[in-house]
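Inspection log for the structure reproduced underneath, given as structure tokens.
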Amino acid sequence: MHAHPTRAFAVATLVNLAYTAVEAWYGFATDSLALLSDALHNLGDVAGLALAWGAAVLARRAPTSTHTYGWRRATLLSPLANALLLVGFAGALVWEAVQRFGAPPQVPAVPVMAVAAVGIVVNLLAAKLMHAGHEHDLNRRAAFLHLMADAAVSLAAVLAGLGMWALGWRWLDPATALLISAVVAVSAFGLLRESFNAAMDAVPARIERTDVADFLGSQPGVQAVHHLHIWSLGAGEIAMTAHLVRPAVDDHDAFLDRICHELDERFGINHPTLQVEHGAACEHDAHDRAPHH
């Protein structure tokens, strides 16, 4: 059985917060930039998970007369804020790592390996909580990707500790911090691009607008398709509007029911709004106040 959506965020947030506190304490105690940078990274992820948790809670609020779609868009805005936080953290890590390369401190390797190994377990368990439904939920996907990246970063810290212990390579500590910042930056920029597009009502990446237009245009009796818009309302919900020029009206309700069902089955569009027009003379959406061409 999958964890309750908001419960999964809560558990992942609290577990990572506890681990971050332990990792930061050991980082200061051992003067390890690898541990401190990973702790800073994890703190950013805790903030991101907290945002995602709050967004998941808001998304469950029922629609009102003011917010007719409810608060589901919070699950699109949360990853955007999360990505911006991570970009900032990545820059800070690069700056500190470069400063340390000139004179890397003596860092006890065994505590670094031990704490980082715990991080691998913590992040993989938290990622497992986020895995259910992450393919269709940008909010959960953001959290899942960050946790998997954290596990990989913790593995790098273990290997760095091994290198310092076996070979005495003190430069591995700031080098690992640079690696962490690179992982953070790559994942953050990808998430930033996707979440920004979602916030700007772009067509979801897994849907080709031309495929939807061709599908609608191929339906019996449909002579033209216009005013086609596709966007994400929130986690797992995709909206669409379209005008269909279709003179025949004898099967109106059955036609709409079938199209709505097939849009969901084929494209995952589960909130379609279709306007059927009986001729080509309908021009109410072709004026300056509604430039949809």
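In this structure Glu208 satisfies the salt bridge (charged side-chain N to carboxylate O under 4.0 Å, His left out) test with no other residue, sequence neighbours excluded. Taking Arg193 as the reference, nothing meets the salt bridge (charged side-chain N to carboxylate O under 4.0 Å, His left out) condition, with sequence neighbours excluded. Looking at residues two or more places apart in sequence or on another chain, you find a ring-ring contact (aromatic ring centres under 6.0 Å, His included) between Phe267 and Phe215. For Thr241, the side-chain contact (heavy atoms from CB on, under 4.5 Å) criterion is met by His227, His229, Trp231, Thr273, not counting sequence neighbours. Listed by chain and number, the residues in a side-chain contact (heavy atoms from CB on, under 4.5 Å) with Asp251 are Arg246, Phe255 (sequence neighbours excluded). For Val118, the side-chain contact (heavy atoms from CB on, under 4.5 Å) criterion is met by Tyr19, Val122, not counting sequence neighbours.
Put simply, the side chain of Val212 reaches to within 4.5 Å of the side chain of Leu263, judged on heavy atoms. No side-chain heavy atom of Met240 sits under 4.5 Å from any side-chain heavy atom of Ile207.
One hydrophobic cluster, built from ILVMFWY side chains closer than 4.5 Å, cannot hold both Leu125 and Val22; they sit in different ones. The hydrophobic clustering, which links ILVMFWY residues whose side-chain heavy atoms are closer than 4.5 Å, places Val222 and Leu256 together. Both Val158 and Leu124 belong to a single network of hydrophobic side chains, linked directly or stepwise wherever heavy atoms of I, L, V, M, F, W or Y lie under 4.5 Å apart.
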**OP:** Show the numbers, then the answer: is there a side chain to side chain contact (heavy atoms under 4.5 Å, CB included) between Ile269 and Ile230?
**Re:** CA-CA 8 Å; Ile269 297 172; Ile230 308 168; 4.3 Å; yes
Original post:
Is there a side chain to side chain contact (heavy atoms under 4.5 Å, CB included) between Arg206 and Ile238 once you walk through the steps?
Top reply: CA-CA 11 Å; Arg206 62 189 179 87; Ile238 298 174; 3.3 Å; yes
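Here NE2 of His261 is found 12.5 Å from CG of Asn270. Values are rounded to the nearest 0.5 Å. In this structure, CD1 in Ile259 is found 13.0 Å from CG in Asp264, a value given to the nearest 0.5 Å. Taking NE2 from His226 and NE2 from His243, the interatomic distance works out to 6.0 Å, rounded to the nearest 0.5 Å.
Minimum heavy-atom separation, Pro272 to Cys260: CG-SG, 3.7 Å.
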